[in-house]
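Single-structure report; data block below.
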Amino acid sequence: MALGPTGLRCPGCGTWKGPVAVFGEAGSEDDVQRAVDTALDRWGRLTAVACCAGVGTFGSVLDDSEQWYATRRANLDIAYVTARGCLPALIAMRGSIVLVSSRGGVVTVPGAAACTAAKCAVIA
């Protein structure tokens with residue numbers, strides 16, 4: 001997870017301009033909260049969030065349950081954790097959140113059941 005490179009202080013008003021980096025695990029509630037807190041400390045508000053984490057995997061659902069869970073985590077759970085952590089601040093500012101899915105959420109191909117299920121859930 002990263003919000004971007006170091007920002008600059010505005011010479012006229014002294015406020016911070018530009019993005020700031022917050023490194024962590026996108027699926028960690030603590031790290032998402034740290035990112036939200038950083039934004040609130042830096043700018044005093046959070047008005048927009050984009051969550052576009054994801055991974056595509058292929059294989060039979062009969063072969064590897066670990067792959068199923070890892071795919072669900074990357075494509076669905078991270079979207080949930082991000083939304084849950086950001087929504088209080090976004091609601092306070094009447095902000096927006098964008099959860100990015102993919103074509104895989106509406107069209108499937110053989111061997112992509114885990115990805116399709118998770119991406120479809122993001123759309124729902």
Side-chain angles (χ1 to χ4, degrees):
M1 164 189 341
L3 298 178
T6 303
L8 302 172
R9 191 177 292 272
C10 174
C13 65
T15 60
W16 286 98
K17 301 290 182 185
V20 62
V22 179
F23 297 94
E25 166 59 44
S28 163
E29 291 180 10
D30 291 338
D31 288 346
V32 168
Q33 189 59 55
R34 193 164 46 82
V36 170
D37 291 344
T38 299
L40 294 175
D41 290 345
R42 185 85 174 246
W43 297 291
R45 65 181 186 245
L46 185 64
T47 58
V49 172
C51 179
C52 50
V55 63
T57 59
F58 295 92
S60 170
V61 295
L62 301 174
D63 292 339
D64 186 2
S65 62
E66 267 313 302
Q67 181 178 342
W68 174 274
Y69 295 120
T71 302
R72 186 203 66 206
R73 178 168 171 74
N75 291 305
L76 177 60
D77 296 355
I78 288 173
Y80 168 75
V81 168
T82 300
R84 186 168 187 257
C86 295
L87 278 175
L90 290 171
I91 290 168
M93 292 303 302
R94 298 181 56 103
S96 300
I97 186 167
V98 176
L99 302 176
V100 177
S101 183
S102 73
R103 185 169 179 248
V106 292
V107 177
T108 191
V109 296
C115 187
T116 298
K119 292 293 190 176
C120 185
V122 169
I123 293 168

Are Ile123 and Val107 connected, step by step, through hydrophobic side chains (Ile, Leu, Val, Met, Phe, Trp, Tyr) whose heavy atoms are closer than 4.5 Å? yes

May I ask you to decide if Val55's main-chain N or O and Asn75's side chain share a donor-acceptor pair within less than 3.5 Å? yes

For Ala79 versus Cys51, what's the shortest heavy-atom pair and its separation? CA-SG, 3.7 Å

Testing Ile78, Val49, Val81, Val22 for side-chain contact (heavy atoms from CB on, under 4.5 Å) with Val32, which one passes? Val81

From Tyr69 atom OH to Arg73 atom CZ, the distance as rounded to the nearest 0.5 Å: 14.0 Å

Shortest non-hydrogen contact between Phe58 and Pro110, atoms and distance: CD2-O, 4.2 Å

What is the minimum heavy-atom distance between Cys115 and Gly56, and which atoms define it? SG-CA, 4.1 Å

Review item, side-chain donor-acceptor pairs of residues 84-106, under 3.5 Å, at least two apart:
residue, atom, partner, partner atom, Å
Arg84, NE, Tyr80, OH, 3.4
Ser101, OG, Lys119, O, 2.9
Ser102, OG, Gly104, N, 3.0

Start with the C-alpha distance between Arg34 and Asp37, add both sets of side-chain angles, then the distance that settles salt bridge (charged side-chain N to carboxylate O under 4.0 Å, His left out), and finish with yes or no. CA-CA 5 Å; Arg34 193 164 46 82; Asp37 291 344; over 6 Å; no

When rounded to the nearest 0.5 Å, the distance separating CG of Leu46 from OG1 of Thr38 is 11.0 Å

